[in-house]
Asks: 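I'd like to ask some things about the structure below.
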Amino acid sequence: MVIMALDHTRDYVHAAAMAFQPEDLSRTTAAIFMTRWITHFCAPVFMLLAGAGAYLRLRSGASRADLSRFLLMRGLWLIVLEFTVVRAGFFFDVIGPPFILLVFWALGISMIALAALIHLPYRVLLAVCVALIASHNLFDGLQPARFGALGWVWQILHVQGPLIAQPPTIVAYPLVPWIGVMAAGFCLGHVYTLDEGRRRHLLRRLGLALTASFLVLRAVNLYGDPRPWRPQDSALFTTLSFLNTTKYPPSLSFLLMTLGPALLLLAAIDRLRVGDRHPLLVFGRVPLLYFLLHIPLVHAFAIGLTWLRYGNTPFLWLPPPTLGTPRDAFPADYGWDLGVAYAVTLTAVVVLYPICAWLARLKAGRGYSSARSSSG
């Protein structure tokens with residue numbers, strides 16, 4: 001949750017973000033690249049743990065029919081939030097274009113798909129997950145135009161970019177294989193019903209297997225990502241090229257690179273016990289509130305910084321170039337250095353903590369189960 005705030009803060013205040021992609025090895029620095037790279041873990045882990053939370057909800061007493069209804073309604077609710085509250089936070093506007101299908105869209109559709117997939121036998125569901133995650137890069141060469149009138153379906157499923165021209169609508173998060181990742185999380189939930197020792201052992205083995213698979217697959221450089229790595233002018237940048245995998249849609253290499261270490265971290269912290277006031281525990285118990293508040297808060301900080309530097313200018317309330325406003329609408333020197341992005345992130349996290357702690361206490365007082373918190 002905290003790392004996610006850094007990613008969105010970078011979009012609003014970092015000067016380099018206004019000029020080039022952080023993965024552009026011809027222009028980036030190691031600090032800029034790694035600031036973006038560490039945020040790659042957010043979306044895959046959100047998807048995986050949402051699926052695990054759904055499984056734990058099932059084990060807590062809900063029937064599969066009840067869980068299906070819950071996932072369907074929660075998924076629809078997230079899609080509504082994407083086009084209202086989330087959009088308002090990003091743009092301070094709900095009506096005007098462009099319309100961007102972002103992570104709440106992908107989470108919502110994945111939950112709706114999971115509402116159907118949970119009725120499959122466990123082994124069949126696991127096979128479906130592996131197939132979606134491992135094989136979708138076979139179809140990277142297929143473009144929406146190949147499907148004629150149904151090209152929009154392939155665009156939503158597998159190709160980032162403009163969906164329709166008017167009103168401008170952009171697919172930022174193609175759905176495949178996010179659906180497979182969330183369903184894999186549902187399968188992973190079974191691990192959390194085992195005793196502690198066996199659970200940690202399995203998490204470590206899975207984490208090591210996925211991480212090793214990434215290293216081998218990426219080293220071979222033949223499959224797993226549409227963007228192969230290449231030797232660079234230095235060992236450092238060759239390493240960055242190796243790590244520079246594709247997120248939209250998430251390639252097999254991208255998912256192995258992120259989910260493998262994530263499982264190792266889950267195994268490492270499995271014995272960790274912290275108090276109810278620990279910030280990471282607080283944010284994790286109210287993820288929806290945190291997400292919905294952190295974007296407008298960071299946006300407001302960016303407006304404040306702009307006002308302090310430039311005064312009441314025509315571009316004060318415009319979304320930054322990273323969100324689609326033409327670059328020439330802003331001064332050439334618009335933006336701040338990476339240290340400011342980290343400082344704004346820390347400030348936003350500090351501001352959000354008491355609000356999230358209040359809601360976490362309220363939920364605990366009303367008897368919300370940890371499984372329900374994990375699933376939403």
Asks: With the 4.5 Å side-chain cut-off for hydrophobic clustering, are Leu194 and Leu208 part of the same group?
Replies: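 Shared cluster, no.
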Asks: Does a side chain donor of either Thr322 or Asp11 reach within less than 3.5 Å of an acceptor in the other side chain?
Replies: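 Per modelled atom types, Thr322 and Asp11 side chains form no pair under 3.5 Å.
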Asks: Is the ring pair Trp154/Phe147 parallel, tilted or perpendicular, if the boundaries are 30 and 60 degrees?
Replies: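 If you compare the ring of Trp154 with that of Phe147, the planes turn out tilted.
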Asks: Does atom CZ of Arg277 have more than 12 heavy-atom neighbours, drawn from other residues, nucleotides or ligands, at distances under 6.0 Å?
Replies: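 Incorrect, the count does not exceed 12.
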Asks: Are Ile79 and Leu102 linked, directly or through intermediate hydrophobic residues, by side-chain heavy-atom contacts shorter than 4.5 Å (ILVMFWY only)?
Replies: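 Per the 4.5 Å side-chain linkage, Leu102 and Ile79 are co-clustered.
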Asks: For residues 104-125, tabulate all N or O donor-acceptor pairs below 3.5 Å that involve a side-chain atom, not counting sequence neighbours.
Replies:
unit_1, atom_1, unit_2, atom_2, d
Ser110, OG, Ala106, O, 2.7
His119, NE2, Ser68, OG, 2.7
Tyr122, OH, Cys187, O, 3.1

Asks: If you group Ile, Leu, Val, Met, Phe, Trp and Tyr by side-chain heavy-atom gaps below 4.5 Å, do Leu157 and Val130 land in one group?
Replies: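 Per the 4.5 Å side-chain linkage, Leu157 and Val130 are not co-clustered.
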Asks: Assess the residue pair Leu58 and Arg64 against the criterion (side chain to side chain contact (heavy atoms under 4.5 Å, CB included)); give the C-alpha distance rounded to whole Å, side-chain angles, the decisive distance to 0.1 Å, and a yes or no.
Replies: CA-CA 7 Å; Leu58 181 67; Arg64 289 188 184 266; 3.8 Å; yes
Asks: In Å and rounded to the nearest 0.5 Å, what is the CZ to OG1 distance from Arg199 to Thr193?
Replies: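 Reported to 0.5 Å precision, the distance equals 9.0 Å.
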Asks: Using the ring of each side chain (for Trp, its six-membered ring), is Phe283 parallel, tilted or perpendicular to Tyr353, with breaks at 30° and 60°?
Replies: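 Correct class here is perpendicular.
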Asks: Under the side chain to side chain contact (heavy atoms under 4.5 Å, CB included) criterion, do Phe291 and Val103 qualify, and how do the steps go?
Replies: CA-CA 11 Å; Phe291 191 102; Val103 67; 3.7 Å; yes
Asks: If you compare all heavy atoms of Pro174 against all heavy atoms of Gln155, which two are closest, and at what distance to 0.1 Å?
Replies: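 Smallest interatomic distance, heavy atoms only, reads CB-O, 4.4 Å.
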Asks: Please say yes or no: joined through hydrophobic side-chain contacts below 4.5 Å, possibly via intermediate residues, are Leu316 and Tyr310 part of one cluster?
Replies: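 Leu316 and Tyr310: separate clusters.
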Asks: Please determine whether salt bridge (Lys or Arg N to Asp or Glu O under 4.0 Å) holds for the pair Arg361 and Asp276, giving the CA-CA distance in whole Å, both sets of side-chain angles, and the decisive distance to 0.1 Å.
Replies: CA-CA 9 Å; Arg361 289 193 299 269; Asp276 288 342; over 6 Å; no
Asks: From the options Asn137, Thr245, Leu243, select the one residue that forms a side chain to side chain contact (heavy atoms under 4.5 Å, CB included) with Ser253.
Replies: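 For Ser253, the side chain to side chain contact (heavy atoms under 4.5 Å, CB included) check succeeds only for Thr245.
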Asks: Would a line drawn from the ring center of Trp317 to the ring center of Phe315 be shorter than 6.0 Å?
Replies: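 Centroid separation for Trp317 and Phe315: 6.0 Å or greater.
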Asks: Should Leu72 and Val80 be counted in the same cluster of Ile, Leu, Val, Met, Phe, Trp and Tyr side chains packed under 4.5 Å apart?
Replies: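 Yes, same cluster.
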